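Below is one structure, written out as structure tokens; the observations come after it.
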Protein chains: 2
Amino acid sequence: MNTSTGPAERRTHTEQGIERKQQLLDAAAVLFSSKGYANTRIADICAAAGVAKGLVYWYFPTKEELFAELVRSMRLQLRRAQAAAMDPEADPLTRIRQGTEASVVFMAEHRAYFALLDVERSQDELSGRGSDVADVLREGSDVYATDVVRLVRDAQRQGLVPDGDPQLYAVGVLGVVSSFSHALRNGSLDVDVDELAAFVGGWVMRALAGETVAR
Amino acid sequence: MNTSTGPAERRTHTEQGIERKQQLLDAAAVLFSSKGYANTRIADICAAAGVAKGLVYWYFPTKEELFAELVRSMRLQLRRAQAAAMDPEADPLTRIRQGTEASVVFMAEHRAYFALLDVERSQDELSGRGSDVADVLREGSDVYATDVVRLVRDAQRQGLVPDGDPQLYAVGVLGVVSSFSHALRNGSLDVDVDELAAFVGGWVMRALAGETVAR
DNA sequence: CACCCGCTTGACCGTCGGGTCAAGGCGACG
DNA sequence: CGTCGCCTTGACCCGACGGTCAAGCGGGTG
């Protein structure tokens, strides 16, 4: 038993252990994103992974923590993909488009996984108040937001984007990516991924910097 | 017990009964949108409404059905607000903006209620497959989509919006409204509602019809 | 071979919460 | 005043599911 109230009881894992843990994460990802967090039983995950129920609790303290770990790992991957796609030399507006398009592609490539960020959106559903997971989630969403806000500010400074609350622009950018993600997944949208990415990229560019003829 | 497999067991309600039912719906709306569907117990709703638990089942067959009824009524209200805001004489693009702005305002005025549509977005969370509620929800989202698609088509026919899959444009429009709704609710966005509505309206206009200088 | 330790099992437990039900009030109507 | 049917109550039921645990396995090390 873990007497310390500290962060977490660290366990040492063998090669095989790490692999097994990943299997569980993979199985959970598929199930969570297809049936939702609440409708996925621990038993389901175990069945999918072909192991006994107790084993989950060897690798994860709770179901919530398992979920949190998934989200963390997703976020890491996504941010890596974004960073890789953004040309550090380019102007901020271009960087936003690159990041946006990369996100769309990434999301399409990892539909099952990425659905989690959708669930994340309805955090309320999970965080019955004061849940530690709620913090992880909320904190994480902000990362993207502040990122985009910074880019928008830079763009405004360079006259690429009209004045206005950068926060608002950021919400728009992030929201549209999330929306198309959602639509692509459970939606009637069957378009080529690259095509979609280009569309979303264009959409964001116009929304940020476009000009309408008249009101 | 309801022997018929038919639609539903109709109950006759007195004046008072209808009122009581509405009280329950109101209480449920507040709780669902603040704590989420899964985290709201039937008992909570009853406590909030100041009635005994059994009473819920006098007015609603199940918790899910109670939720579905809320969603239905929300949707009705929203559509009314949209319809009222759209000038039937105006061009489709303008109508889209009017509908968009009306949605934002409506959503702000009914934050508590409107949060439900957010939950709706994460239907997966609720619909453990084959749930009747899933159908209600899915079917309903399509209403907006086809509406917007039609408007976009009209706009394209008039050369107001460039060619391209209208479905994609529609997803963008609906998504952005939903995103700002979400951000306004649990977010750090504290802006004037009308200001926000105007921003979103402008955003959508630019995204639909705007022109970027160069790629 | 003996021992340790990471790993695996599946029966079991406790709680939580949706849904039921028998009983009773209360107003309307004959 | 009787009775009918809408409404209200709260104790109770029970299945579901997250989490526990005692037991056992197997490979690596001394």
Side-chain angles (χ1 to χ4, degrees), chain A residues 1-3 8-25 27-28 31-32 35-70 125-133, chain B residues 1-3 8-25 27-28 31-32 35-70 125-133:
Chain A
M1 207 256 227
N2 188 4
T3 44
E9 151 189 15
R10 279 270 162 259
R11 263 197 229 279
T12 54
H13 289 143
T14 65
E15 194 70 20
Q16 191 207 73
I18 293 173
E19 210 167 298
R20 181 51 54 97
K21 183 172 179 176
Q22 193 57 48
Q23 282 172 25
L24 288 171
L25 283 170
L31 291 170
F32 282 158
K35 316 200 319 177
Y37 175 85
N39 292 315
T40 300
R41 328 274 154 239
I42 294 286
D44 297 340
I45 298 172
C46 294
V51 299
K53 189 176 154 197
L55 195 58
V56 163
Y57 295 93
W58 177 258
Y59 294 104
F60 308 94
T62 65
K63 188 188 177 190
E64 271 204 340
E65 193 51 44
L66 162 56
F67 178 79
E69 203 148 318
L70 261 183
E125 215 53 45
L126 276 173
S127 57
R129 266 264 20 85
S131 132
D132 10 340
V133 181
Chain B
M1 206 255 229
N2 188 4
T3 43
E9 153 189 13
R10 279 270 161 260
R11 260 196 232 279
T12 53
H13 288 144
T14 65
E15 194 70 20
Q16 190 207 72
I18 293 172
E19 209 168 298
R20 180 51 54 96
K21 183 171 179 177
Q22 193 57 47
Q23 282 172 26
L24 289 170
L25 284 170
L31 290 170
F32 282 158
K35 316 197 321 174
Y37 176 85
N39 292 314
T40 300
R41 326 275 153 238
I42 295 285
D44 297 339
I45 298 172
C46 295
V51 300
K53 189 175 154 197
L55 194 57
V56 163
Y57 294 94
W58 178 259
Y59 294 104
F60 308 94
T62 65
K63 187 188 177 190
E64 271 204 341
E65 194 52 42
L66 161 55
F67 178 79
E69 203 147 318
L70 261 182
E125 214 53 44
L126 276 173
S127 57
R129 264 259 29 80
S131 134
D132 11 342
V133 180

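None of the values given here were measured: they were computed from a predicted structure.
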Take the protein atom [atom1] of [X] and the nucleotide atom [atom2] of [N], then report the distance between them rounded to whole Å.
X	N	atom1	atom2	result
B/I45	D/dT9	CD1	C1'	17 Å
B/I42	D/dC14	CD1	C1'	17 Å
A/Y57	D/dC17	OH	C1'	9 Å
B/H13	D/dC7	NE2	C1'	9 Å
A/E19	C/dG6	CD	P	18 Å
B/Y59	C/dG18	OH	P	20 Å
B/F60	C/dG18	CZ	P	15 Å
A/D44	D/dC17	CG	P	8 Å

Would you please classify the geometry between the A/F67 ring and the A/Y37 ring as parallel, tilted or perpendicular, with 30° and 60° separating the classes? perpendicular
Under 30°, 30 to 60°, or over 60°: which ring-plane class applies to B/Y59 and B/H13, parallel, tilted or perpendicular? tilted
Over all heavy atoms of both residues, which pair between A/T62 and A/Y57 is shortest? Give the atoms and the distance, please. CA-CE2, 4.2 Å
A/K53 versus A/C46, closest heavy-atom pair with distance: CA-SG, 3.3 Å
[X] side chain N/O closer than 4.0 Å to the phosphate oxygens (OP1, OP2) of [N]?
X	N	answer
A/T12	C/dG6	yes
B/T14	D/dC7	yes
B/R20	D/dC7	no

Closest-nucleotide ordering on DNA chain D, the 5'-leading residue of A/R41 and A/G54: A/R41
So among A/V51, A/L55, A/T40, which one has a side-chain contact (heavy atoms from CB on, under 4.5 Å) with A/I45? A/T40
Given [options], which nucleotide is nearest the side-chain atoms of [X]?
X	options	value
B/V51	C/dT9, D/dC7, D/dT9	D/dT9
B/W58	D/dC6, C/dT9, C/dG19	D/dC6
A/Q16	D/dC17, D/dC7, C/dT8	C/dT8
A/K53	C/dT8, C/dG6, D/dG19	D/dG19

When we call it a touch if two heavy atoms are under 4.0 Å apart, what does A/L55 touch: a base, just sugar-phosphate, or nothing? base
What about B/K63, does its side chain sit under 3.5 Å from the base of C/dG19 through a donor-acceptor pair? no
